[in-house]
Amino acid sequence: MQEVLLVLVIAILAILIEPPQEDSFQESKARGAIIYHDFCASCHLPSGEGVPEVYPPLANSDYLLTNKTGSIRGIKFGQRGPMVVNGTTYDNTMMPLGLEDKEIADVMNFVLSSWGNKTEKMVTPKEVEAVGPR
């Protein structure tokens with residue numbers, strides 16, 4: 001009986017000691033902010049507002065929130081051709097940024113939780129890895 005109780009206590013402690021996903025989500029967003037400012041801000045601007053009719057906004061972006069896979073694909077493989085963001089059509093080219101899957105997940109987590117965008121589900125490197133070209 002004591003052995004069962006000891007195993008139960010150890011299991012409970014292991015659950016309590018393991019950091020919650022929210023902590024790693026916060027860390028991912030922090031890394032993503034650095035990546036965003038290094039790779040994305042020159043076009044989409046530090047505020048995420050983009051440039052009207054040239055570079056789509058990431059702030060309050062309906063496209064990001066309804067097309068997460070397409071957003072991941074655009075960062076991973078580049079984006080070409082028309083897309084509608086917040087009712088405005090953008091037809092420009094975004095070259096692939098050469099980021100690793102973890103970096104793409106981090107920048108997505110930052111963007112999806114900044115400037116009025118809200119998400120509670122963390123983008124993972126595995127999710128990014130699963131997205132292929134069109």
Side-chain angles (χ1 to χ4, degrees):
M1 180 70 170
Q2 288 178 331
E3 291 174 14
V4 172
L5 185 59
L6 180 61
V7 169
L8 184 60
V9 168
I10 291 172
I12 290 171
L13 287 174
I15 291 170
L16 293 175
I17 291 172
E18 183 177 331
Q21 180 181 355
E22 191 171 316
D23 287 347
S24 61
F25 192 26
Q26 294 301 326
E27 292 169 3
S28 175
K29 290 188 293 187
R31 290 187 304 266
I34 294 166
I35 295 165
Y36 179 83
H37 290 288
D38 286 348
F39 288 87
C40 313
S42 60
C43 295
H44 296 284
L45 305 183
S47 62
E49 292 177 5
V51 176
E53 299 180 23
V54 180
Y55 301 117
L58 303 178
N60 292 304
S61 173
D62 62 351
Y63 184 87
L64 283 172
L65 298 176
T66 60
N67 194 355
K68 186 167 61 169
T69 300
S71 300
I72 292 169
R73 184 176 291 112
I75 297 168
K76 191 171 182 178
F77 299 105
Q79 174 75 37
R80 178 172 289 162
M83 63 190 304
V84 178
V85 180
N86 297 342
T88 301
T89 300
Y90 294 85
D91 191 2
N92 208 338
T93 299
M94 181 174 116
M95 299 304 292
L97 301 174
L99 299 174
E100 300 291 326
D101 291 345
K102 182 176 181 179
E103 294 171 315
I104 294 170
D106 289 342
V107 79
M108 283 291 296
N109 287 323
F110 170 71
V111 170
L112 286 170
S113 59
S114 298
W115 315 301
N117 299 319
K118 291 184 173 53
T119 187
E120 294 180 20
K121 185 172 184 278
M122 182 175 168
V123 176
T124 66
K126 277 192 174 223
E127 186 177 354
V128 174
E129 181 183 356
V131 174
R134 290 183 191 220

**Q** Between Lys29 and Leu112, is the side chain to side chain contact (heavy atoms under 4.5 Å, CB included) condition met? List the steps.
**A** CA-CA 9 Å; Lys29 290 188 293 187; Leu112 286 170; over 6 Å; no

**Q** Just by distance, do the side chain of Lys76 and the backbone of Val128 share a donor-acceptor pair under 3.5 Å?
**A** yes

**Q** Tell me whether the count of non-hydrogen atoms from other residues, nucleotides or ligands lying under 6.0 Å of OH in Tyr55 goes above 12.
**A** no

**Q** If you take all heavy atoms of Val85 and Ser61, which pair is closest and at what distance?
**A** CG1-OG, 3.6 Å

**Q** Side-chain contact, heavy-atom cut-off 4.5 Å: Tyr63 with Pro57?
**A** no

**Q** Is it true that Leu58 and Leu99 fall in one hydrophobic cluster, defined by side-chain heavy atoms closer than 4.5 Å?
**A** yes

**Q** Quick one: closest heavy-atom pair of Val107 and Cys40, and the distance?
**A** CG2-SG, 4.2 Å

**Q** Could you tell me which non-hydrogen atom of Leu64 sits nearest to which non-hydrogen atom of Ser71, and how far apart they are?
**A** CD2-OG, 3.3 Å

**Q** Do Met108 and Leu45 belong to the same hydrophobic cluster, where Ile, Leu, Val, Met, Phe, Trp and Tyr are linked whenever their side-chain heavy atoms lie under 4.5 Å apart, directly or via other members?
**A** no

**Q** Nearest 0.5 Å, what's the CE-CD distance between Met122 and Gln26?
**A** 10.0 Å

**Q** Looking only at heavy atoms, which two atoms of Asn86 and Ala59 are closest? And how far apart?
**A** ND2-O, 4.0 Å

**Q** Run the side-chain contact (heavy atoms from CB on, under 4.5 Å) test against Ala41 and tell me which residues pass, sequence neighbours left out.
**A** Tyr36, His37, Pro46

**Q** Just wondering, do Ile35 and Phe110 contact through their side chains at under 4.5 Å, heavy atoms?
**A** no

**Q** Could you work out, with side-chain contact (heavy atoms from CB on, under 4.5 Å) as the rule, every residue matching Thr89, not counting sequence neighbours?
**A** Pro82, Val84

**Q** Measure across Ala105 and Pro125 and return the closest heavy-atom pair with its distance rounded to 0.1 Å.
**A** CB-N, 3.8 Å

**Q** Counting distance only, does the side-chain N/O of Trp115 pair as donor-acceptor with the main-chain N or O of Glu49 below 3.5 Å?
**A** no

**Q** Keeping to residues at least two apart or across chains, list the side-chain hydrogen bond (donor to acceptor under 3.5 Å, both in side chains) pairs with something in residues 91-112.
**A** Ser28-Asp106, Ser28-Asn109, Arg31-Asp106

**Q** Quick check: do Glu127 and Val131 have side-chain heavy atoms less than 4.5 Å from each other?
**A** no

**Q** A side-chain contact here means heavy atoms from C-beta on lying under 4.5 Å apart; do His44 and Pro56 qualify?
**A** yes

**Q** To check you understand the geometry: which heavy-atom pair defines the closest contact between Asn117 and Val111, and what is its length?
**A** ND2-O, 3.0 Å

**Q** Applying the 4.5 Å side-chain criterion to the ILVMFWY set and letting contacts propagate, would Tyr90 and Val51 be lumped into a single cluster?
**A** no

**Q** First locate atom CZ of Phe25, then atom OG1 of Thr124, and finally report the distance between them rounded to the nearest 0.5 Å.
**A** 11.5 Å

**Q** Quick check for you: to the nearest 0.5 Å, what is the distance between Met94 atom CE and Ile75 atom CD1?
**A** 5.5 Å

